[in-house]
**Student:** 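This structure is in structure tokens; I'll ask about it shortly.
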Amino acid sequence: PTCAYIPKCYVCKVYKPPRTHHCSKCQRCVLQYDHHCPWLMNCIGFNNKKYFLLFVFYTLVDCFAFCYLAYPHTLFLSKVPDGWCAWNITIVWCLAIMLGVSLTVFLCVHCKLILTNQTTVEALLNAKFNPYDEGWSRNVRQTCGTNLWLWWLPVLGDRPTDGTWMA
């Protein structure tokens with residue numbers, strides 16, 4: 001009889017489940033490793049992908065809320081165009097627009113990855129073949145949980161999987 005190949009991490013010297021990769025920054029293996037986030041100083045993987053997605057989403061909402069609320073006080077509409085306050089608000093407003101556009105692209109990419117049940121590493125390595133795609137509904141439930149009302153809150157909820165395969 002033949003036995004299945006069980007991958008081993010050459011750095012940690014332990015056997016690792018499928019979809020696990022070693023993070024060179026954190027020096028540990030992470031289940032469904034997506035990337036190392038320099039903003040959070042942590043790896044994004046199975047246990048915190050939902051929290052990361054919510055962080056990006058709510059930061060994006062804050063950027064656009066600031067842009068909407070601060071626009072009347074910028075140099076574009078300010079009644080005092082020479083004031084230092086209007087200049088400062090205009091500069092921060094422009095930075096918030098740039099951050100908001102960048103986060104929109106970033107959020108769209110990660111939503112596509114969640115809808116197809118892929119990590120960034122898997123999408124780069126297996127561009128054409130994805131054995132983990134279970135359909136968008138099951139893929140989203142694997143990341144966000146089964147309760148639709150808890151998807152927008154930073155609580156884990158109940159997920160129908162242990163991260164290595166769908167139950």
Side-chain angles (χ1 to χ4, degrees), residues 19-21 23-26 28 30-127 130 132-163 166:
R19 306 184 80 181
T20 302
H21 295 277
C23 176
S24 60
K25 303 266 194 269
C26 294
R28 62 186 172 114
V30 178
L31 182 63
Q32 288 189 20
Y33 175 80
D34 192 86
H35 67 282
H36 184 86
C37 181
W39 291 357
L40 303 177
M41 296 298 292
N42 198 3
C43 294
I44 306 304
F46 177 73
N47 290 320
N48 62 356
K49 190 175 218 175
K50 175 185 174 182
Y51 303 119
F52 172 74
L53 192 70
L54 288 175
F55 170 73
V56 172
F57 174 74
Y58 288 128
T59 305
L60 176 66
V61 168
D62 288 342
C63 279
F64 288 127
F66 171 80
C67 289
Y68 176 75
L69 295 173
Y71 185 70
H73 306 288
T74 60
L75 286 176
F76 309 119
L77 296 177
S78 178
K79 295 185 172 130
V80 187
D82 298 353
W84 63 270
C85 187
W87 276 102
N88 288 342
I89 291 175
T90 303
I91 291 170
V92 173
W93 186 84
C94 291
L95 291 173
I97 287 287
M98 289 188 287
L99 179 63
V101 169
S102 301
L103 285 176
T104 300
V105 172
F106 195 66
L107 184 66
C108 289
V109 167
H110 277 276
C111 284
K112 180 203 174 274
L113 291 174
I114 287 176
L115 289 173
T116 58
N117 198 6
Q118 286 184 306
T119 65
T120 304
V121 174
E122 293 166 352
L124 293 175
L125 293 177
N126 306 324
N130 179 12
Y132 305 110
D133 191 359
E134 301 266 339
W136 70 268
S137 177
R138 290 186 70 172
N139 294 341
V140 172
R141 284 185 286 143
Q142 182 178 357
T143 300
C144 299
T146 57
N147 187 344
L148 176 70
W149 300 107
L150 296 179
W151 284 6
W152 307 105
L153 299 175
V155 295
L156 196 54
D158 54 337
R159 294 187 289 185
T161 182
D162 63 357
M166 290 295 289

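All values below were derived from every heavy atom in this structure, side-chain atoms included, with hydrogens, water molecules and symmetry-related copies excluded.
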**Student:** Show the nearest heavy-atom pair for residues Cys37 and Phe52, with the distance to one decimal.
**Tutor:** SG-CE1, 3.8 Å
**Student:** Not counting sequence neighbours, which residues clear ring-ring contact (aromatic ring centres under 6.0 Å, His included) with Phe64? List them please.
**Tutor:** none
**Student:** Return the minimal non-hydrogen interatomic distance between His110 and Leu53, and the atom names on each side.
**Tutor:**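 It is CB-CD1, 4.0 Å.
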**Student:** Evaluate Lys49 against Thr119 for side chain to side chain contact (heavy atoms under 4.5 Å, CB included), listing each step before the verdict.
**Tutor:** CA-CA 10 Å; Lys49 190 175 218 175; Thr119 65; 4.3 Å; yes
**Student:** Which value, rounded to the nearest 0.5 Å, describes the distance between Tyr51 atom OH and Leu153 atom CG?
**Tutor:**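 Rounded to the nearest 0.5 Å, the OH-CG separation comes out at 10.5 Å.
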**Student:** Less than 4.5 Å apart, side chain to side chain, heavy atoms only: is that true for Leu60 and Thr104?
**Tutor:** yes
**Student:** So how far is it from Phe46 CZ to Thr20 OG1, rounded to the nearest 0.5 Å?
**Tutor:**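 The distance works out to 11.0 Å.
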**Student:** Phe66: what forms a ring-ring contact (aromatic ring centres under 6.0 Å, His included) with it, not counting sequence neighbours?
**Tutor:** none
**Student:** Does NZ or CZ of Arg19 come closer than 6.0 Å to the centre of the six-membered ring of Tyr132, within 45° of the ring's axis?
**Tutor:** yes
**Student:** Checking Trp136 now: which residues fulfil ring-ring contact (aromatic ring centres under 6.0 Å, His included) with it, not counting sequence neighbours?
**Tutor:**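 ring-ring contact (aromatic ring centres under 6.0 Å, His included) list for Trp136, sorted by chain: empty.
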**Student:** Give the intermediate values and the outcome of side chain to side chain contact (heavy atoms under 4.5 Å, CB included) for residues Gln32 and Gln142.
**Tutor:** CA-CA 12 Å; Gln32 288 189 20; Gln142 182 178 357; 3.1 Å; yes
**Student:** What heavy-atom pair brings Leu69 and Pro72 nearest, and what distance separates the two atoms?
**Tutor:** O-CD, 3.5 Å
**Student:** Do the rings of Phe57 and Trp152 sit parallel, tilted or perpendicular, given the 30° and 60° boundaries?
**Tutor:**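 Tilted, since the angle between the ring planes falls between 30° and 60°.
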**Student:** Could you give the distance from OG (Ser24) to NE2 (His36), rounded to the nearest 0.5 Å?
**Tutor:**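 That separation rounds to 8.5 Å.
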**Student:** Is Ile89 close to Thr74 at the side-chain level, that is, under 4.5 Å between some pair of heavy atoms?
**Tutor:** yes
**Student:** Before giving the answer on side chain to side chain contact (heavy atoms under 4.5 Å, CB included), spell out for Asp34 and Val121 the whole-Å C-alpha distance, their side-chain angles and the decisive distance to 0.1 Å.
**Tutor:** CA-CA 6 Å; Asp34 192 86; Val121 174; over 6 Å; no
**Student:** Between OG1 of Thr146 and CZ of Arg138, what distance do you get to the nearest 0.5 Å?
**Tutor:**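 Output value for this atom pair is 12.0 Å.
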**Student:** Could you report the tightest heavy-atom contact between Cys43 and Tyr33, atom names first, then the distance?
**Tutor:** SG-CE1, 3.9 Å
**Student:** Can you tell me how the ring of Phe106 sits relative to the ring of His35, calling it parallel under 30°, perpendicular over 60° and tilted otherwise?
**Tutor:** perpendicular
**Student:** Run through Ile114, Leu113, Leu107 and flag the one making a side-chain contact (heavy atoms from CB on, under 4.5 Å) with Cys111.
**Tutor:**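 Answer after filtering Ile114, Leu113, Leu107: Leu107.
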**Student:** Distance check, rounded to the nearest 0.5 Å: Lys112 atom NZ versus Gln118 atom CD?
**Tutor:** 5.5 Å
**Student:** Looking at every non-hydrogen atom in both residues, tell me the closest pair between Leu99 and Cys63 and how far apart they are.
**Tutor:**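 Closest heavy-atom pair between Leu99 and Cys63: CD2-SG, 3.5 Å.
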**Student:** Distance only, no hydrogens: is a donor on one side chain within 3.5 Å (strictly under) of an acceptor on the other, for Asp133 and Thr116?
**Tutor:** no
**Student:** Classify the side-chain pair Asn130/Glu122 by whether it contains a donor and acceptor separated by less than 3.5 Å.
**Tutor:**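 Note: Asn130 and Glu122 side chains miss the donor-acceptor criterion.
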**Student:** Looking at CD1 of Ile97 and OG of Ser102, how far apart are the two atoms once the value is rounded to the nearest 0.5 Å?
**Tutor:**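 Reported to 0.5 Å precision, the distance equals 11.0 Å.
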**Student:** Testing the basics here: between Asn42 and Arg28, what is the closest heavy-atom pair and its distance to 0.1 Å?
**Tutor:**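 Smallest heavy-atom distance, with atoms named: OD1-NH2, 2.9 Å.
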